[in-house]
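Notes follow once the structure below has been shown.
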There are 2 protein chains.
Amino acid sequence: MVAVDCVIFGFDPTGIKLLVFQRKVQPFFGHWSLIGSFVQPKEDVRTAAIRIVEESTGLTDVYLEELGCYGQVDRDPGARVVSIVHYALLRIDEYKLSPVEDYQARWFDFEDLPDLIFDHQKMVKDAMNKLRKKSRYRPIGFELLPAQFTIPQLKKLYDAIYQKELDRRNFRKKILSMKILNKLNIKDRSSSKKGAYLYEFNKENYEQLLQEGIDFKL
Amino acid sequence: MVAVDCVIFGFDPTGIKLLVFQRKVQPFFGHWSLIGSFVQPKEDVRTAAIRIVEESTGLTDVYLEELGCYGQVDRDPGARVVSIVHYALLRIDEYKLSPVEDYQARWFDFEDLPDLIFDHQKMVKDAMNKLRKKSRYRPIGFELLPAQFTIPQLKKLYDAIYQKELDRRNFRKKILSMKILNKLNIKDRSSSKKGAYLYEFNKENYEQLLQEGIDFKL
DNA sequence: CCAAAAGTGTTATCGCTACACCCATGA
DNA sequence: TCATGGGTGTAGCGATAACACTTTTGG
């Protein structure tokens, strides 16, 4: 049997979040777990992952990547299930509430997760490591922010991913030098009196950078 | 059904090689393909990959890593098979001939591969890309060389991986500065009159570097 | 003695790091 | 007017890239 489980990341000003679910079937009814599902006979594996994210969050256009195969014989005590784990990055502010509520879902601080069933804890740990590595050379961090964001917000996200405080000035300099941000002439005053300019991600310039062989080390 | 397919890399002085096999079952009997097998009911997925490499090369202690899941519905025209692809790096000079001969296997130049069945061509391409990326920050290139090797040999390998000629002097300087090579007082004269010193990979120092957070960019 | 590969050293440049200062504004 | 977060500039250091010369030895 082949299943897909999804590690779903979010971010808000207090830090990185994980969306976990209360299991609705035996065994371990009511325990916290990642969201998952069996792959249907006529369904591609990746399609299954997309479906699962949509069913559980209402979102269709999120960053979604394969993490790996979890295929220990005894990982699921009930039956032989091989799980193809994916991780998703989404903007917390965009996700639709109702499907999440149906699923008995909850956002947890990444630093303060409950116990998860089976090998889900390891999946989460591996996903976070992959996110750390990947964000060093791909600007996937943007996927976790609202479409419009300030540079201090972006820095806070990277502080959280790397678990250390980056230098304000160097961070700004580097990210701007890549020219993958469009500055808007609007200020966000929610976190300071002076206000910080809002930016948007410039996808075209980013694609071009990829061609030329970027290295995006923040 | 869950299967494992393996992309098996080798290297000799003329370049990077791939081990491919002549298929012994229908459909596509006799066509070239990667080596693979179904995962047994009581077998971990990774264990299956190790088994496949051993059965097809006779080698047990090779570098082996998961590449990803190939799970399109129609990738195998015969049946629904999800394949967990792995790639292996091995020292051509070490592999036992007889099992390979049983399997109707052949080493092909990576640049000059035959047509492969199903989506195996894409697996190979993806594996090579992963090898390129990974070798930028992990010294996995060593896995492809004999236990003892010269620095010019190592450079040739990285030339082949990156598909460009690195600078001889800078390459040597950098690799030596990492202190992950043990110099032997023996010269290999097979490729020049003057002869080049042989080195061994120093695993202890490498492990220590990993702790400290290496970045191995050549 | 010479061709061919191996081995070594130097210099200029670029990018990163580590800093200190000014700006705008609500309270 | 002052506390708070936002925005900008610069100097020093270290790593990288570009490059030329010497060494060894079989033919």
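Residue numbers start from 1 in every chain, and the chains themselves are labelled A, B, ... in the order their sequence lines are given, proteins ahead of strands. Just so it is clear, the model here is predicted, and its values are computed rather than measured.
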With no hydrogens and no angle check, do the side chains of B:R132 and B:Q163 hold a donor and an acceptor under 3.5 Å apart?
-> yes
In whole angstrom, what separates B:K187's NZ from C:dA5's C1'?
-> 11 Å
Using 30° and 60° as the class limits, which term best fits the ring planes of B:F9 and B:Y87: parallel, tilted or perpendicular?
-> perpendicular
Which nucleotide in the list C:dA3, C:dA24, C:dA5 gets nearest to the side chain of A:K194?
-> C:dA24
Round to the nearest Å and state the distance from B:I175 atom CD1 to C:dT8 atom C1'.
-> 17 Å
Taking only the side-chain heavy atoms of A:P152 (C-beta and beyond), determine which of C:dG9, D:dG6, C:dG7 contains the nearest atom.
-> D:dG6
So among B:K133, B:R46, B:K134, which one has a salt bridge (Lys or Arg N to Asp or Glu O under 4.0 Å) with B:E65?
-> B:K134
Rounded distance (Å) that lies between atom C1' of D:dG7 and atom CG of A:N170 | 13 Å
Between A:N185 and A:Y197, a side-chain donor and acceptor under 3.5 Å | no
note: A:K155, atom NZ; D:dG7, atom C1'; distance rounded to Å ~ 14 Å
Check B:S191, B:S192, B:S190 against B:D188 for a side-chain hydrogen bond (donor to acceptor under 3.5 Å, both in side chains) and give me the one that passes.
-> B:S190
Below 4.0 angstrom from OP1 or OP2 of C:dA5, is there any side-chain N or O of B:T150?
-> no
Rounded distance (Å) that lies between atom P of C:dA4 and atom NZ of B:K156 = 14 Å
Quick one: is B:R172 getting a side-chain N or O under 4.0 Å of the C:dG7 phosphate, OP1 or OP2?
-> yes
Using only side-chain N and O atoms of B:K174, determine if any of them is under 4.0 Å from OP1 or OP2 of D:dT16.
-> yes
Could one point to a donor on the side chain of B:R189 or the base of C:dA5 with an acceptor on the other under 3.5 Å away?
-> no
For B:F171 and D:dT16, give me the distance from atom CZ to atom C1', rounded to whole Å.
-> 15 Å
So which one's nearest nucleotide on DNA chain D is more toward 5', A:Y197 or A:K173?
-> A:Y197
Specify the separation, in whole Å, of atom OH of B:Y199 and atom P of C:dA6.
-> 12 Å
Whichever of A:D167 and A:S191 has the more 5' nearest nucleotide on DNA chain D, that residue is A:S191
When rounded to whole Å, the CG to P distance for the pair A:D188 and D:dG5 reads 14 Å
Looking at the side chain of A:R169, which of C:dG9, C:dA5, C:dA20 is the nearest nucleotide?
-> C:dA20
Of D:dA20, D:dG9, C:dA24, the nucleotide closest to the side chain of B:R168 is D:dA20
Base D:dT1 to side chain A:K193, donor-acceptor N/O within 3.5 Å cut-off | no
